[in-house]
Amino acid sequence: MSEKKIRVRFAPSPTGPLHMGGVRTALFNYLFAKQHGGDFLLRIEDTDQTRYVPGAEEYIIESLKWCGLIPDEGPGFGGQYGPYRQSERKEIYARYAQQLVDSGWAYYSFDSPEDLDRLRSEAEAAGQVFSYSQHTRMNLCNSLALNETDVKNRLESGEPFAIRFKMPEQLDVTEEDLIRGSVTFNTRELDDKVLFKSDGMPTYHLANVVDDHLMEITHVIRGEEWLPSMPLHILLYRALGWEESRPRFSHLPLILKPQGKGKLSKRDGDKLGFPVFPLQWQDPETAEISKGYREEGYFPEAFINLLALLGWNSGTEQEIFSLEELVRLFSLDRVVKSGSRFDPEKARWFNRTYLQEKSPEVLARQFEPILKEKNIVTSSLKVTPIIEEIKDRCDFVKDIWDHGYYFFEAPKSYDEKTVSKRWKTETAGEMEAIAHLFESVDKWEASSIKDSFSAFMNEKGWNFGGVMNPLRLCLVGGNMGPDLFRICELLGQSETVDRIRKAVKVLG
RNA sequence: GGUCCGUUCAUCUAAGGGUUAGGAUUCAAGAUUUUCAUUCUUGCCAUAGGGGUUCGAAUCCCCUACGGACUGCCA
């Protein structure tokens, strides 16, 4: 086993946008594969035709690409083990389902979905739970309970059937989960799962075992929600005679909602205002739009980093990791067992940390689309020093606008609270005097503006705070912003003077 | 209901029998910034409860409580 090439797969179902928990599963698979010099495959699990959602597969692939998790094999990525869409592997599964029936590990079930629904609701009404299992199978309509000729007739007459796994009685199934350690189930408590549906498609259970075997998957790394079906999968490998080469299992903890109970869902994002999906998604039926990390302005590196730390840590105090570092340091036995509550605040902090590490030039380039959207024409030469001045107050590229819009357009209004606090009766006259002073400044740089200003203030004997605060109000429309003289410099001499005069006119 | 998994500050987590239980986020206070934000410093805050085992338990065992997943011809 040690000489076998490591191969893992990410196997989402194209039923909608990829949840961030799904992205984390993909990430952990990717990290594990790359660390061992192995392969990371993408397999589309589209065995449920009724849940097909147009665009979902494209969405999944685009998401992985945005995150930098490029599959070695998969639909559109090539590979020697294809096809990588289960709907295109249909014939393969029927053969193995038949093999299981022939060898006595599975049986035909003729019970209609309606019959089973009825049994379930009857049981529920009686305060019980119906389960198709070793305890009930002999009372139901299947090839175990019916006599041979009856079964033969039904089959020959084309009556629809499903194939169910014949769960052994009283058998302990123990597996060493790479994250959780030893986990034991007794088959007595397990039901007879459908392996092959009456529509000719396999269920997840059969398809994933067959494909993982055929694709030579060595490690199955998936969400905790699959833990209860692990014994079934193990028994399927046994039943198909593949036990020797079967993959090892690891079950990742869930990502829980920020507050309240349960796992993170789409609704939490809507309610608390953060994305749950990597990319924006528009539901093709309802046209409803769900936010994406990309569109919200997260850097893919930051998104990956925060996902990696949700359930894994390096054992050191380091929190910022590049994908390359994660590949090097990742290890399944440092994955925590308990579910992690998602913290949108910390997610924002991760993005902030990445933003602060970027140069003003790079940020200026990323800021361009926002300026364009606002119909502002300027040059990167002007934008770069502005960003330098305000980047440390930003978490996202779009914050550059929120914290620095006044560099690009004159204030349209003046913050009321600041006006009432700072704008006195004598202010208009003082502002006019400053405007006049500024017109005469020779070298329009922060330091010389400051010198002229200070000299003038001392000469007049005016109070600095009493003048600087309203001056700031004239230039930016409020009481925020970086050093006032830097603002003057970046605004330019004539714009600065114009803004002061305009404010005097408006505020009197 | 049943099966399985889990439980360290509000949140993410470290400590794999011996530490004043560490870090990060959030929050609060102070400093700096003649503004705002940043930054810096400081502070608050945790081993779910009960029994064992042991010289010694967050760590090992048992019970209880709580939380979660699963229990579909969905994945």
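Note: hydrogens, waters and symmetry copies are ignored here, and every other heavy atom, side chains too, is used. Per chain, numbering begins at 1; letters A, B, ... match sequence-line order.
- Residue A/T184 places none of its side-chain N or O atoms closer than 4.0 Å to OP1 or OP2 of B/rC4.
- Ring planes of A/F342 and A/F274: tilted class, angle from 30 to 60°.
- The only option from A/L31, A/L252, A/L326, A/V336 that meets the side chain to side chain contact (heavy atoms under 4.5 Å, CB included) definition with A/W312 turns out to be A/L326.
- Residues of residues 346-358 of chain A that place a heavy atom closer than 4.0 Å to RNA chain B, in numerical order, are A/K346, A/W349, A/R352.
- Residues satisfying the side chain to side chain contact (heavy atoms under 4.5 Å, CB included) test with A/D392, not counting sequence neighbours, are A/Q356.
- Between A/K412 and A/E409, at least one side-chain N (NZ, or NE/NH1/NH2) sits under 4.0 Å from a carboxylate O, which counts as a salt bridge.
- Note: A/Y108 and A/F161 meet the aromatic proximity criterion, with ring centroids under 6.0 Å apart.
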request  = Using a 4.0 Å heavy-atom cut-off, write out nucleotides 63-75 of chain B from 5' to 3' as B (base contacted by protein), S (sugar-phosphate only) or - (no contact).
outcome  = ----SSSS-SBBB
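- At a threshold of 4.0 angstrom between heavy atoms, the contacts of A/V476 with the nucleic acid are absent.
- Counting atom types as modelled, A/R341 pairs no side-chain N or O with a base atom of B/rU11 as donor and acceptor under 3.5 Å.
- Residue A/F28 comes nearest to A/A308 through the heavy atom pair CZ-O, 3.7 Å, listed as atom of the first residue, atom of the second, then distance.
- The nucleotide whose nearest atom lies closest to any side-chain atom of A/R422 is, among B/rU35, B/rG2, B/rA14, B/rU35.
- A/N305 places its CG atom 17 Å from the P atom of B/rC12, with the value rounded to the nearest Å.
- No donor-acceptor pair closer than 3.5 Å links the side chain of A/D399 to the backbone N or O of A/D402.
- Listed nucleotides: B/rU38, B/rG22, B/rC5. Nearest to the side chain of A/E317: B/rG22.
- Listed for the A/T184 side chain is no donor-acceptor partner under 3.5 Å among the backbone atoms of A/V173.
- The side chain of A/N313 contributes an N or O atom lying less than 4.0 Å from OP1 or OP2 of B/rA14.
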